[in-house]
Amino acid sequence: MRYQRSSALFQEANQVLPGGVNSPVRAFKAVGGTPVFVKEAKGAYFWDEDGNRYVDYIASWGPLLFGHAHEAVLEAVVVRARKGTSFGIPTALETELAQLAVSMVPNIDKIRFVNSGTEACMSAIRLARGYTGRDKIIKFAGCYHGHADAFLIQAGSGAVTFGSPNSPGVTAGTAKDTLLARYNDLESVDALLDANKGTIAAIILEPVAGNMGCIPPEAGFLEGLRERCSDQGILLIFDEVMTGFRLGRGGAQEVTGVRADLVTFGKVIGGGLPVGAFAASAEIMSCLAPEGPVYQAGTLSGNPLAMSAGLAMLRSIEADPEVFTRLGEKTAYLHQGLDQVLSATGRPYQINRFGSMISVHFTEVPVTDFETAASGNNPSFKAYFHGLLDRGVYLPPSAFESYFLNDALSYEDLDFTIAAAAEVLAV
Ligand SMILES: *Cc1c(COP(=O)(O)O)cnc(C)c1O
């Protein structure tokens, strides 16, 4: 049996880990079946515990821009580990990574390192609230900013004036300060702004959404938000945990030309180790402890192994800025191949793509926000996912996730994937 050992490991894991995993999407709930357990990985591939090889389209959900076990990152981590793994005392590495990140990203002077994207976003809104002296934030349905309480909010019923918790454990008190708008819909933002004048600290969004599949911003959307924020003293927060150092060296700010007041990072900036960060102008960042009164801290923040991995990753990018062009071309090639295969089947589908992010939705309506993303046919998605898994292609195990291409993927790998998709969809 192809997944024998993975199945046994999953059963065992379920005895001691809730749902057998440490992050829900890994459990395959959205697609059914048993998750595969990874044994090792290199470049574009990983091998599971049963010895099956997969072409990997999630790259640890984004961080591995150059593929698995990228030599420069490995070397940096191994060399660094021998000198001590954590101190809770400053190191020069933190300044080096900060200098490099600040030099690559537009419009930021200072950066604070944390341990995850969740921490970065949670801290960014605290800073925005402290800086503006206001309580409420606007987020968009379907955008993911980690699992902090303030973000686990869904649109309230009826008039969308404030949100309601979408997880037990999130209090109504927290939910009332998070307002929900529709992605790519400035009117829904205006309605919230009008009803909550002078109380909004920040608008936070994924400048290119990747957590409801890939959804690019429509023309004028980001610009419209920028204008409204500038007019009303609201901080615009770009959550670039996914897009930062992936869409370009300066992330979505660079490729869209729209500037945010606060930017959050994760994933690529840690090169595969747990790193998050948030960054802004010196003026905004001066509100942060110990320089200012807004508290934020972390025992392992700026950890030397994580900083070394991040440095090696960003230096690899700086040494090879063409990587973004190559990734964009590979993603466009995959798009074209899948498009041909899908159009031949006659079934409804949409393919969304931006840079090295791409997703397939089985629906006839263009996917531009959470509602249209949710209109996808889930049985079709499940069959597509499992068909490809059985043929050695690992796609995100949920229709609401983007694929992340990595530069280790060859055109042979892409052709292999397209051929596998043709086989699966021919049925
Ligand atoms: C992954 C992600 C996060 C959360 O990061 P974690 O490191 O998983 O906590 C936040 N925002 C976006 C856009 C993400 O893709």
Side-chain angles (χ1 to χ4, degrees), residues 21-27 57-65 105 112-128 137-153 166-167 178 183 202-217 222 225 236-247 251-253 255-256 260 262-279 296 298 300-303 306 309-310 313 352 354-359 369-370 373 396-406:
V21 294
N22 282 300
S23 193
V25 72
R26 297 176 199 169
Y57 284 96
I58 71 165
S60 186
W61 297 104
L64 311 174
L65 202 68
V105 176
R112 166 69 52 91
F113 293 112
V114 293
N115 305 292
S116 68
T118 294
E119 253 190 277
C121 294
M122 160 187 116
S123 307
I125 57 165
R126 183 181 305 140
L127 178 57
I137 60 164
I138 293 178
K139 84 171 281 285
F140 293 85
C143 278
Y144 182 67
H145 306 295
H147 64 86
D149 286 4
F151 302 118
L152 295 184
I153 307 295
N166 72 353
S167 164
T178 301
Y183 201 77
I203 298 179
I204 183 168
L205 83 161
E206 296 177 64
V208 175
N211 284 291
M212 38 186 167
C214 169
I215 300 186
L222 298 178
L225 294 177
L236 180 60
I237 306 178
F238 276 6
D239 177 352
E240 298 229 38
V241 170
M242 193 173 266
T243 53
F245 308 101
R246 168 164 285 279
L247 298 184
Q253 286 196 98
V255 298
T256 66
L262 253 164
V263 188
T264 61
F265 298 103
K267 300 186 172 127
V268 177
I269 201 173
L273 267 75
V275 183
F278 56 105
Q296 194 284 322
L300 288 172
S301 294
N303 169 272
M313 177 57 82
N352 284 4
F354 196 108
S356 52
M357 297 161 62
I358 181 170
S359 58
D369 59 11
F370 182 70
S398 156
F400 288 100
E401 307 283 355
S402 171
Y403 312 4
F404 300 103
L405 272 67
N406 71 79

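Counting convention: from 1, in listed order, for ligands and their atoms alike.
Annotation: ligand 1 has protein neighbours Ser116, Gly117, Thr118, Tyr144, His145, Gly146, Glu206, Asn211, Asp239, Val241, Met242, Lys267, each with a heavy atom less than 4.0 angstrom from the ligand.
In terms of modelled atom types and a separation under 3.5 Å, the side chain of Glu240 and the main chain of Gln253 share a donor-acceptor contact.
Contact of the Leu65 side chain with the Phe245 side chain is not registered, since no non-hydrogen atoms from C-beta on lie closer than 4.5 Å.
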Audit row: Arg126, Gln296, side chain to side chain donor-acceptor pair (under 3.5 Å) steps and yes/no: CA-CA 9 Å; Arg126 183 181 305 140; Gln296 194 284 322; over 6 Å; no

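Of the residues Leu225, Ile138, Asp239, the one that meets the side chain to side chain contact (heavy atoms under 4.5 Å, CB included) test with Leu205 is Leu225.
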Per-pair distances, 0.1 Å, donor-acceptor, side chain in residues 207-217, under 3.5 Å, sequence neighbours excluded:
residue : atom : partner : partner atom : Å
Asn211  : ND2  : Glu206  : OE1          : 3.1
Asn211  : ND2  : Glu206  : OE2          : 3.3

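Between Phe370 and Phe400, a ring centre-to-centre spacing shorter than 6.0 Å is recorded.
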